[in-house]
Every structure is written in C-alpha cells, then in structure tokens.
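Just so it is clear, the structure is predicted and the values come from calculations on it, not from any experiment.
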Amino acid sequence: MDITAKSAAQKEGEAEVDTFRRELGPFVVAAQKTRMPMVFTDVEPGHPVIFANDAFLKLTGYALEEVLAKSFQSLLAVGVDPETMTTVESAFRGECDHEPEIHYRRKDGSEFWASMFVSPVCDDGGTVVQHFVSLVDLTNHRQDNARCKMLIDELNHRVKNTLSTVQSIVTQALRRPAEPAAIREAIESRILALSRSHDLLTNTNWEGAGLHELVDTTLHPFKVVTGRTERFTIVGDNVHLSPKTALSVAIALHELATNAVKYGAFSNDAGKIAIDWTMSSAAKDRVVLQWRESDGPPVPPPTHKGFGSWVIERGLAHELGGAVTLDYLPAGVTCTIEIPVSTETEE
C-alpha cells in the first residue's frame, strides 16, 4: 500500500471517527479524555492507527500526527519475538482466549509492558471495519512482581543461611559430652546472639550494618545485664558492613565475650576489654579489629579448642576470607580480625 492510498485510508478512518463524534458525542469525548490509553486501527495489514486518545499519546510519548497511519505493530518493542506477534494477530482476529501482555516501545526508546484488549468495530452488515484497542499499563505491576520475586529469593537465601548457622551451632554444642543445662545454655545464647544481629539488619532492610552499632548490639547483654559497661572500651568509626559480614562478626564477638565471662577478663571484678579497629594499611577494603583483654586472671594455653575457638578461628576466617589470629597470652586473650568492608555478593 503506497503512501497516498494509506493517507486516503487514514482520512476515511478519521472521517468515520468524526461521525462517531457527532452521533455518539459523549462516548467519543469520554474515550478521548479517559485515563485508559485507547486507539482505533484500520483492518488493513499492520493495523494502521486512525485514532488515538490523549492517554495513549502520553503513554507512548508520540504526538498525534506521528501516530496516525502508523502500523500498530511498529509500536511494539524492538526485537519482539514471533510468538508475541502471532498472539497480537490472534487478538485482532478475535481468536485469543486471553488479553496479551505485550512489550511496547515509546518514542524516546524506553519500553513498557501493557495488556491489550481488542474489540471489533462492525458496520450495519456485521463486517469488521475497524478495531478498538485499549491498553492497561502493567510496567509498575511487573516491576513490583520482579522486586517481590527478588525479595522472596533473598528471603529464601537468608533463611537457608540462618538454618545452616543454627545447625552448625547445635552440631558443635553436641560434639562433646556435657550436662543438658550446659548444652541448652550454649545453644540458646548463640541463637539469641544471632537473633539480635538479625534485628539490627532488619532495621536497615538488610542493607548491612555499621560496625560500631554491631559491636554495641552484640555486646549489650554483657555490658548492661551484667553491669560491666564501664569495663568495656570501644573505639572506631561506624564503617559499613555487608549483612553476611555483620552476622559473622557478631557471632565471633559473642564467642569472645562468652569466653571472657567464663575464663577471661570478665571472670573477676577487675578485668577490662578494649575493642578498636582501623583501616588496614595493606588493603583499603579491610578493617583490622582488635580485641584485647587485661587485668583478668592469668590465661593458660587451652588444652583443647572448643566450639568458640572453632567459630572464631576457622568459621570466621572462612566466612570473611581473611586472617583471624587468636592468642591466649598470660595477660589476657587477644584476637585480631580482618573484616572486609567492600560490597559483597553473598553466596
């Protein structure tokens, strides 16, 4: 079909819409001004557009003169698959049993999703002379669905990791014979430490946590509940940690504090604990945290390493991919931890 003939068809279609306007004025005015994007198309191949309302022009970014006589298919997004084109044609033929959700392209090249409702416009003899097409913009709906899927996937990932951590806590607590009360205390205290860290991360929508906030949250029971606030010294900037790193560091700090209560600086009335951290001089994306106990009872070298030592030396080093040094010095336990502060992709 040449340009002249197409222009004639366009004028004929517009004249027909003008007739609608005169005979069904309120309906056409409503169609023009309604917030639902609408077009009329010709029955010729490609379904040239012969009428478009204001909402359609706003949605697509075109001016009216740019849309009239333009093939409806040309408004589809670049690279639309043949199956979608077949579905669109089926909708125009009235053979589609559902409203297609189609990927469209705006004038500026941006894209959107919309469901398409096609209704035939017939003459007095029942012959289809035009098609009435209305669209429902689904872009925000699809984006919300994508975000929900991402959040569900992330939730599943975190639940899996949390259950693995709990499983590890229980397994390690049961490795050696002990009184049921001691086993229960070991499991409960570590799960509560994990829970407090989760609460802190939940308050930040799991975008991570500040190291200073993490230290305060993890050590809160040891400082306040047991009346040892003045025996803690905590120095360091509130550098940001990823969720994975924050959980790992929180569990390690809990183990260090628990050990201090049982055997170290907090097993007497004079011991002190100093915690500080600075940026690593060797790697800009790492913080070096130091835990130092003093004025507690003499610390003999351990005859065996329990779950706490395993969590700190092996588990933490594995999780963070950095060095962890735990020393049982006569003057008190010291621990040095390299903590990554760059954005991580959690596995």
Side-chain angles (χ1 to χ4, degrees), residues 165 189-190 192-261 264-266 270-296 299 308-309 311-329 331-344 346:
T165 302
S189 65
R190 284 153 183 157
L192 284 173
L194 186 65
S195 174
R196 286 191 295 272
S197 302
H198 273 249
D199 289 341
L200 176 62
L201 290 169
T202 299
N203 291 335
T204 62
N205 296 318
W206 278 84
E207 295 178 355
L211 181 51
H212 215 299
E213 295 168 342
L214 181 69
V215 172
D216 284 341
T217 298
T218 304
L219 300 180
H220 176 78
F222 301 93
K223 293 191 297 182
V224 177
V225 176
T226 55
R228 300 186 182 97
T229 302
E230 71 283 354
R231 295 163 65 183
F232 269 108
T233 302
I234 301 173
V235 178
D237 295 332
N238 198 31
V239 294
H240 185 269
L241 304 181
S242 73
K244 178 180 178 180
T245 299
L247 289 176
S248 299
V249 172
I251 292 296
L253 291 173
H254 172 80
E255 295 301 329
L256 288 167
T258 299
N259 184 75
V261 170
F266 282 171
K272 298 180 179 63
I273 296 176
I275 308 168
D276 61 76
W277 56 89
T278 57
M279 295 302 296
S280 171
S281 58
K284 294 182 179 179
D285 62 344
R286 290 181 178 270
V287 164
V288 177
L289 181 146
Q290 291 188 313
W291 171 288
R292 294 188 297 271
E293 298 182 26
S294 61
D295 297 334
V299 179
S309 298
V311 166
I312 296 168
E313 292 184 305
R314 295 179 56 190
L316 186 61
H318 172 74
E319 290 293 328
L320 300 185
V324 178
T325 303
L326 180 61
D327 293 318
Y328 295 88
L329 303 178
V333 171
T334 66
C335 184
T336 303
I337 306 170
E338 287 188 6
I339 304 172
V341 294
S342 57
T343 302
E344 300 174 355
E346 297 191 12

Note to self: I want to check something: taking the side chain as every heavy atom from C-beta on, are W277 and V215 in contact at a cut-off of under 4.5 Å?
What the structure shows: yes

Checklist line | Distance-minimising heavy-atom pair for V341 and R286 | finding: CG2-N, 4.1 Å

Next item on the list: Return the minimal non-hydrogen interatomic distance between H240 and G208, and the atom names on each side.
Entry: NE2-CA, 3.5 Å

Note to self: Is the shortest side-chain heavy-atom distance between E293 and Y328 below 4.5 Å?
What the structure shows: no

Check: Can you name the nearest heavy-atom pair linking D295 to A270, along with the distance?
Finding: CB-O, 3.5 Å

Checklist line | Gap between atom CG of L219 and atom NE2 of H254 - 0.5 Å precision | finding: 10.0 Å

Checklist line | Side-chain heavy atoms of E213 within contact of N238, under 4.5 Å | finding: yes

Next item on the list: Check whether any side-chain heavy atom of L247 lies under 4.5 Å from a side-chain heavy atom of L201, and answer yes or no.
Entry: yes

Notebook entry, point to check: Of I275, D276, D327, which is the lone residue that meets side-chain contact (heavy atoms from CB on, under 4.5 Å) with R292?
Noted result: D276

Checklist line | Distance-minimising heavy-atom pair for V324 and C335 | finding: CG1-SG, 4.2 Å

Next item on the list: Identify the two heavy atoms, one from I273 and one from A260, that lie closest to each other, and give their separation to 0.1 Å.
Entry: CD1-CB, 3.8 Å

Note to self: Taking the side chain as everything from C-beta on, heavy atoms only, tell me whether T258 gets closer than 4.5 Å to F266.
What the structure shows: no

Notebook entry, point to check: Do I339 and V239 touch side chain to side chain, with heavy atoms closer than 4.5 Å?
Noted result: no

Check: What do the steps show when you test I337 against W291 for side chain to side chain contact (heavy atoms under 4.5 Å, CB included), and what is the final call?
Finding: CA-CA 9 Å; I337 306 170; W291 171 288; over 6 Å; no

Next item on the list: Find the distance between CG (L214) and CG (L253) and round it off to the nearest 0.5 Å.
Entry: 6.5 Å

Item checked: Contact check, side chains of L256 and L326, non-hydrogen atoms, under 4.5 Å -> yes

Next item on the list: Please report the shortest heavy-atom distance between S280 and V288, naming the atom on each side.
Entry: CB-CG2, 3.9 Å

